[in-house]
There are 2 protein chains.
Amino acid sequence: MPTDRGQAGPTISEVAAEAGVGRATAARTLGGYGYVSPELRARVLAAAEKLGYRANALARSMSTGVSHTLGVIVADIGNPFFAGLLRGVSDTARARGFDVIVLSTYEKLEEEVAAVNVLIDKRVDGVIVASAALDREQSAHLMAAIDRGIPVVLVDRAVSALDLDAVVIDNRDAAREAVEVLIAAGHRRIGFVWGPPVAEAPATRREMVAAAARNLWTDGERLRGYLDALDDAHIPFDPRLVMVGPKTEERVVTEVGRMLALPDRVTAVFCTETDGMTGSLRALRQAGLSYPEDVALIGFDDSAWAAVMDPPLTMIAQPVHELGARAARVLLDVLGGAEPARERHTLRARLVQRSSVAPPRP
Amino acid sequence: MPTDRGQAGPTISEVAAEAGVGRATAARTLGGYGYVSPELRARVLAAAEKLGYRANALARSMSTGVSHTLGVIVADIGNPFFAGLLRGVSDTARARGFDVIVLSTYEKLEEEVAAVNVLIDKRVDGVIVASAALDREQSAHLMAAIDRGIPVVLVDRAVSALDLDAVVIDNRDAAREAVEVLIAAGHRRIGFVWGPPVAEAPATRREMVAAAARNLWTDGERLRGYLDALDDAHIPFDPRLVMVGPKTEERVVTEVGRMLALPDRVTAVFCTETDGMTGSLRALRQAGLSYPEDVALIGFDDSAWAAVMDPPLTMIAQPVHELGARAARVLLDVLGGAEPARERHTLRARLVQRSSVAPPRP
DNA sequence: CTGTTAGCGCTTTCAG
DNA sequence: CTGAAAGCGCTAACAG
């Protein structure tokens, strides 16, 4: 029977009064610290039970300085990739008694800065962030958090200029492996979907890489992997085969359509995102082409759908849950007193071979 | 240049000292309340800037009693449906200056109870929950929150016995409409995937409904919609056509396989979940059947994938983002002082007709 | 308009 | 082992 003192539940003082003990004794038993005799302990517990006492975590955090809360900043909660990652974070955090506050930035750096500030204000114990920052300068907000004693671990995206713990996958190797599979099947005209979001396609390979370096880390790495594979096979780089422009499914449709209309059209497409794959599939249909006969396909981010497509799609599966879980573990360890290793933890993505790759038509 | 006083940033007292004003004056300008002369205001702002001051939201919440934080409890963050809903909540909450704490229950009522307690402890201002509770008794934790002055709005799942604001979709009508489309195409043997998760299929229609009522609200509603459509068309109910057992893709494969092997096999399948659809697709393939010629298909929860399947799938699209946004708006309005309407807000799902429905083979 | 003074609910010395 | 008292950083009367 909760005391209806205005609104919020009973305080520790009320419990102490009810139990007929000092405030500190009640606090000690309820807070689970310090010594208290079994008898008093029982009385306090009974009183708390009776009043329906629930500790005020805010007040507790104020005195102790720790909130048992992790802040997680992702690009988009609505994206299954981040949703899965979040689940990993949240599962392991909760298992260790930590709660999670999630903030979404939609790839805007200003939103990310605001998010970090919110987390600082709320005095979270640590932060996990899939940052859009590219260099030291853009990472001032992250350094600010660290200066305030809030450990930060990067996830999904490393910031090369920053000496921080980062949990990522081997984007470059994964992309290279996928493209190698395409090349091994005989393809030499391989489209790359999700190049740098610049208006005009950079003319040279050098400029293309530079443009990618000015954008999302993962995308840049994947582009490099694509180029690696091309180089190894001595296939010349053709800027017309990489999609540029806004990263939307719509744009993919027109860009892949364009690549399909080239005199020496692409015979394979490698997609670095789910939307890239669905867009490519659309473009194929519009062109009256089918896979894998007319065009071979490999994409990033495996899903139940990819497996039930007909034919089923060869995809790269990222260890999403583990990515989040690992980030949480690294952070929690630091909070537990471990010295930050400030190293890059690279998990391996896995290429799931199915049936969307076949040799090019003769 | 932040003062490196141990760890956490500077306090309002330090800012006041730096600016040479009283603590309250600093608090007033930094907190944005009360009057303060332009000159002092400027001095305080400058001092705050210089010291890198950030308000301690915990301390603020302690005095004001409000946290500007919403708690959201969903069944599974990893599920795209909830991820989208969360995005809706989070977008509108942030727009009104509220942060969001997300907790996932994985459909376990005990986890839900724990989650509510965490939110009470953290003194969130309000709670949005996709509850697994079925009746009054199972909702004690929700009532406890309300007793403590924390408004609760239900989302996705109503609790019939509870007189609370609830934002849901018209599951029953949506299901009925889908099944009607199947019937209109000439089908009479229509499978229903994701019946109640009981071990043995209830023999009678009555028991089937009862079993559903003992489980997830949305599933029960969808089953009722299915039955509605059958009734209207005077199609007898056949318990062998509804899947029972664990709600996993694996199970769907075997159950649909079973329905496909029946002497008078199903010629259409209606799926109430994404996994139901992918599982059904698998089952079809295993049976060497294809859609829509051999079996017509309609499922819940449209996605980019459904549209690029070949043929593209007819699906029910839930207004996921709006579901979350609306729930947030209802809650925020109550927090803003509005009297809780305690009504059910029903959004309409939309049937997206594509090409997975054809008449049954003669 | 500004500064002083109490708290918010909890933890944490520090005597007893 | 227990209780009194101080303090976490901020807001909120209340005098000046």
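Lettering follows sequence order; numbering is per chain, from 1. Note that the coordinates shown come from a computational prediction; the quantities given were computed from them, not determined experimentally.
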Check this for me: does any side-chain nitrogen of one of [X] and [Y] sit under 4.0 Å from a carboxylate oxygen of the other?
X	Y	result
R94(B)	E111(A)	yes
R342(A)	D165(A)	no
E14(A)	R23(A)	no

Open item on the list: Heavy-atom nearest nucleotide on DNA chain C for I12(A) versus R23(B): which residue maps closer to 5'?
Closed with: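 Comparing both residues, the 5'-ward one is R23(B).
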Between [N] ([atom2]) and [X] ([atom1]): distance, integer Å:
X	N	atom1	atom2	result
R54(A)	dC10(C)	CZ	P	12 Å
R41(B)	dT2(C)	CZ	C1'	14 Å
R123(B)	dG9(C)	CZ	P	8 Å
H68(B)	dT11(D)	NE2	P	11 Å
Y53(A)	dG9(C)	OH	C1'	8 Å
K122(B)	dC10(C)	NZ	C1'	15 Å
E14(B)	dC8(D)	CD	P	10 Å

[X] side-chain proximity, nearest of [options]:
X	options	answer
S63(A)	dC8(D), dT11(D), dG3(D)	dC8(D)
M62(B)	dG9(C), dC10(D), dT12(C)	dG9(C)
T11(B)	dC10(D), dA12(D), dT13(C)	dC10(D)
T64(B)	dA4(D), dA12(D), dC10(C)	dA12(D)
R60(A)	dT11(D), dT4(C), dT11(C)	dT11(C)

Open item on the list: Would you compute the distance between atom CG of L103(B) and atom CD1 of I77(B) and round it to the nearest 0.5 angstrom?
Closed with: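 Those atoms lie 8.0 Å apart.
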Open item on the list: Between N56(B) and R28(B), which residue's closest nucleotide on DNA chain D lies nearer the 5′ terminus?
Closed with: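 So the residue in question is N56(B).
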Open item on the list: Donor-acceptor pair, distance only, cut-off 3.5 Å: does the side chain of D125(B) make one with the backbone of H68(B)?
Closed with: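 Checked: pair present.
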Kindly say if [X] contacts the phosphate of [N], meaning a side-chain N or O under 4.0 Å from OP1 or OP2.
X	N	value
Y35(B)	dA12(D)	no
Y33(A)	dT13(C)	no
S37(A)	dT2(D)	yes

Open item on the list: Counting the atoms with a prime plus P, OP1 and OP2 as sugar-phosphate, which does L40(B) contact under 4.0 Å by heavy atoms, base, sugar-phosphate, or nothing?
Closed with: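 Sugar-phosphate, no base atom in range.
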